[in-house]
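Worksheet: the structure to be examined is printed underneath.
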Amino acid sequence: MNQRFLFSLTSHLRRTFFSSSTVRCITSRPRMSQPAWAQPTGSTHQPQLKVYNSLTKSKVPFVPLVPETISWYSCGPTVYDDAHLGHARNYVTTDIIRRILRDYFGFKVRFVMNITDVDDKIILRGRQRHLYEEYKTKHRYIDDQVRQNVRQAWLYYIQKNLKRINPKTLLTPETLDDVVDAAYGDVLAGAPLEQGTKPGDREAKIKMHINTVRSTAKALLQDPKLLTPHEFYARVADPMCLVLDEQLGNTIRGDDYAVFTKLTKEYEARFFQDMHDLNVLDPDDLVRVTEHGKEIAEFVKKIADNKLAYRTTDGSVYFDINAFEAAGFPYARLEPWNRNDKELQADGEGALSQKDGSVKRSDADFALWKASKPGEPSWDSEWGPGRPGWHIECSAMASGKLGQQMDIHSGGIDLAFPHHDNELAQSEAFWADGSHRQWVNYFLHMGHLSIAGSKMSKSLKNFTTIREALHVRKEWTARSLRIVFLLGNWKDGIEITDDMVVEGRGWEDRVDNFFLNVIESINSTEAAHNEKGALDQVLEEAQEKVHTAFLDSFNTPLAMSAISSLINTYNSTKKIDLTHADHVNTARFVTRFVNILGLNGDAAANSTQVGWRGIDIPEAAKEYVYPLARVRDELRTAAIAKSITPEIVQEIVSTTSSGVEEAASSGRPRPSYARTLSEFNRSALHVASVAEQNELNKKILALCDRVRDVDLWQLDIYLEDRENAPALVRPVTEGLRVARREREDKFRQKEEAKKKREQEALDKLNKGRVSPRDMFKPPHSNDYSEWDGDGVPTVGSDGSALTASKVKRLKKEWENQRKAHEKYLAATSNGGPSTGPGTGLDTPSSVSTPVG
């Protein structure tokens, strides 16, 4: 990049950020002597707070325009499909920073977010969906005509999207795989489309198209009787939607908004449900493009009146970048290195935009108002029927809500150019009054989520939706996903790996166990007047580390590490050395930390309730599970001490759970917890009545293990046995499930290794079944014609005498077989495998222990 331009840009930004009014704001605030944990709610004197700003590419002091108040605009979703985990990365991370500013630093935050409910993607998707639904209504059954239509659409889709496949190639659903492998085998194997480059979005898109045509081919090859119309149409949707839209898209009227709003209203509702499931706070103000058409048109008009935009012959209005820069404004401040990237510019303009670049004065100019073509929604304007450009919507609506300047503008890093750079330009062109005020002071860009080096994207179809991850696959919870994001820096891209998942799960388990133990310790110790804690210094250091981390551009990985270290110190300190104050103060600090970061549902940051959700069993279970745990504890303790008797079992069962097992007076079926308690008691009494005294302790322990590992586990409750303490009653968490799966995997691997050893031993034993006298004779060998008295060959099958060296090698083999045969005979004569016909000697399942 030009060094002079960079110097000029940096100087301009420094002047903006460090004007005299800004410096006065910084210097007039007293320096904090204590971390925010000790500050009253609402205290916002944070002169040390620094934030990484995409405008300066550095961490800069954070000073809001209005003291104690933050104005914040966040780019919201384009609602034409379900939100995926890439969106979760953006919105959850934004929510984390918003909560830290509000609940930790005490700022009053006004958070505005937009909903893009009209743009090229929505128009295209809404139109396609409408036309496809009409087609399916007219063709309810999959007849020959439908299959022919699908086949033609399939061929057209391949021709349009898979350019390496020669159009003259004889292509059928049957030959597709061979043709694709020949054309794109290298890409499918991980190679780039062009030598010397790295695989990325282009290769991911090719793979997406290949998956699409393969899905359609399979539907065409499938027996029609084995696919319902719904299944068939779902598999062939993309090629059919493409063709139907190209054929009939221009028949949609511009004022038939229902074609598009039916789609956007559905996905907007689904988006906010996803956000609630992820515990993301609602925006304070929500603005939609379709509700601000008039304001957007007026916004465009003022930019044109300021001579910074121009109308084209087709009735569109474009931003004039050359005029903007001539007026003294810098363009593309966020990513100046991308200002001539034609691919990014085209993506910013949209798939339906004017393809004839001759209407624009400069290739980089972008649309503020687009003349609507047939099949596109339109609103009246002084330039004729049209619709807003993508970038202008945010400028107009954010300015309408927050005015000429705002503190924070946020979004995913992929929006930096051209979207946010164009927003900056057109907004400052709108507000141009000679002062060259900066529209946004702090741009916060969240790193995106990657899969195999390619960002997660709707257009690439390489995503897992939020609802699928949370509710179908159940791979994540709102908490576990948020923890993984907290373990990475908010501005950096992340790729979810196995190591990252393990790290996140470990952090959650650590806090889970801490809360379970600390709550029990709080309840079992008594407070003393003016009590000092052994961990006071450790706790103060942890608070300072978290405070420092948050001041350092919301460094959540460092803060999470500080909490882990504090818990580790707490766990490693002898309980006898910990006071009631240690338990309470540490618990309250960790609780407030997880509340601030949104890890505890809707719990308030200053809640006095210790712990987080998910560490307690259901209320309905307590009246049965706690008595069961007490019965089991007493039985288990007695059995371990080998002092159990039928009388002791009877006494423990009758006194520990007395009255709990009575049937409900309502006559309703008893809950599973009650049935589990009853079954355990009955089983204990039964074992005591029938078992031999020398077996009773063992059988009671087995019963205790079963109720822990099977009966209660199936009810999502676990009894954690502890030495010299009652079992800890806790819910089954994902960490416990994973630990069990790992134990089961290890056991399975151990069993498989055992079976392998048994098989190898059996194979070795079977080799000795043949006597050495017979090993070189038919039917075992046809290579020889004469043998000595021991059965060692002397003459080959061709009648020639064997050489001395050959005979020597054969005698060595004979000797090895003799030893193997002796072992075989010893094994079979000592009760090992029999050698008769039909014994299954060669079958591994017939041997239960290693042999030989």
Side-chain angles (χ1 to χ4, degrees), residues 77-81 114-135 160 238 240-268 287-301 304 309-319 345-360 365-397 418-419 422 426 458-459:
T78 302
V79 283
Y80 67 90
D81 206 343
N114 77 301
I115 292 289
T116 297
D117 55 355
V118 58
D119 81 336
D120 285 26
K121 292 176 181 176
I122 288 174
I123 293 169
L124 189 60
R125 182 66 64 88
R127 211 165 57 194
Q128 289 179 345
R129 179 172 169 175
H130 173 75
L131 294 170
Y132 197 36
E133 291 298 324
E134 282 192 337
Y135 180 89
K160 189 176 181 69
D238 285 352
M240 286 295 288
C241 284
L242 173 66
V243 170
L244 286 170
D245 187 68
E246 293 197 4
Q247 291 177 347
L248 304 171
N250 59 6
T251 64
I252 305 296
R253 297 196 325 271
D255 60 354
D256 192 358
Y257 302 128
V259 168
F260 312 101
T261 57
K262 180 181 179 181
L263 175 78
T264 58
K265 287 178 180 178
E266 174 187 341
Y267 283 109
E268 179 184 329
V287 289
R288 299 178 182 86
V289 179
T290 53
E291 296 172 357
H292 292 79
K294 180 180 178 181
E295 292 90 333
I296 293 172
E298 291 174 351
F299 199 91
V300 172
K301 183 178 184 304
Y310 56 90
R311 178 181 177 179
T312 59
T313 55
D314 69 338
S316 297
V317 180
Y318 281 85
F319 188 80
Q345 290 170 352
D347 187 57
E349 288 299 271
L352 303 179
S353 296
Q354 175 60 257
K355 297 296 189 291
D356 182 7
S358 63
V359 302
K360 299 194 294 182
D365 291 349
F366 54 91
L368 302 177
W369 188 263
K370 300 180 180 183
S372 293
K373 297 187 286 293
E376 299 178 3
S378 63
W379 287 265
D380 290 335
S381 74
E382 66 176 76
W383 312 286
R387 57 189 177 88
W390 175 32
H391 318 295
I392 197 66
E393 63 180 64
C394 288
S395 293
M397 295 187 295
H419 186 52
N422 289 353
Q426 61 202 11
K458 289 180 182 178
S459 61

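Remember, it's a predicted structure, so these values are computed and weren't measured experimentally. Along the sequence shown, residues carry numbers from 1. Below, all heavy atoms of this structure are taken into account, side chains as well, without hydrogens, waters or symmetry copies.
For the atom pair CG of Asp119 and OG1 of Thr78, the computed distance is 5.0 Å after rounding to the nearest 0.5 Å. A distance of 9.5 Å separates CD of Glu134 from CG of Leu244, quoted to the nearest 0.5 Å. Atom CE of Met397 sits about 10.5 Å away from atom CD1 of Ile392, to the nearest 0.5 Å. The line from OH of Tyr132 to CG of Asp245 is 13.5 Å long, rounded to the nearest 0.5 Å. Remark: Arg127 CZ to Asp256 CG distance equals 12.5 Å, nearest 0.5 Å. Note that NZ of Lys373 and OG of Ser316 are 7.5 Å apart. Values are rounded to the nearest 0.5 Å.
Residue Asp380 qualifies as open at atom CG: its count of foreign heavy atoms under 6.0 Å is 12 or below.
Residues Ala367 and Lys370 share a closest heavy-atom pair of CB-CG, 3.9 Å. Closest non-hydrogen pair, Ala309 versus Leu368, comes out as CB-CD1, 3.7 Å. The shortest non-hydrogen separation linking Asp365 to Glu349 is O-OE1, 4.4 Å. Of all heavy-atom pairs spanning Ile122 and Leu263, the tightest one is O-CD2, 4.0 Å. Here the closest heavy-atom approach between residue Leu242 and residue Lys160 is recorded as CD2-CD, 3.8 Å. The two atoms that bring Pro377 and Ser372 nearest to each other are O-OG, 2.8 Å, heavy atoms only.
Using a 30° and 60° split on the angle between ring planes, His419 and His391 fall in the tilted class, from 30° to 60°.
Looking only at distances, no side-chain donor or acceptor of Arg125 sits under 3.5 Å from a matching main-chain atom of Asp81. A donor-acceptor pair under 3.5 Å links the side-chain atoms of Asp117 to the main chain of Val289, judged by distance alone.
At least one side-chain heavy atom of Pro77 sits under 4.5 Å from a side-chain heavy atom of Ile115. At least one side-chain heavy atom of Phe260 sits under 4.5 Å from a side-chain heavy atom of Ile252. At a threshold of 4.5 Å between non-hydrogen side-chain atoms, the residues Trp369 and Pro388 count as touching. The shortest side-chain heavy-atom distance between Thr290 and Tyr257 does not fall under the 4.5 Å cut-off. Between Tyr310 and Lys360, the closest side-chain pair of non-hydrogen atoms falls below 4.5 Å.
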Pairs of donor and acceptor atoms involving the side chains of residues 291-301, under 3.5 Å and at least two apart or interchain, shall be tabulated with distances.
unit_1	atom_1	unit_2	atom_2	d
Glu291	OE2	Arg288	NH1	3.2
His292	ND1	Arg288	O	2.9
Lys301	NZ	Asp305	OD2	3.0

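One finds a salt bridge joining Asp120 and Arg387 here, because a Lys/Arg side-chain nitrogen approaches an Asp/Glu carboxylate oxygen to under 4.0 Å. Ionic pairing of Arg253 and Asp255 is present here: one or more N-O contacts between side-chain nitrogen and carboxylate oxygen are shorter than 4.0 angstrom. Ion pairing between Arg129 and Glu266 holds under the 4.0 Å rule for side-chain N and carboxylate O.
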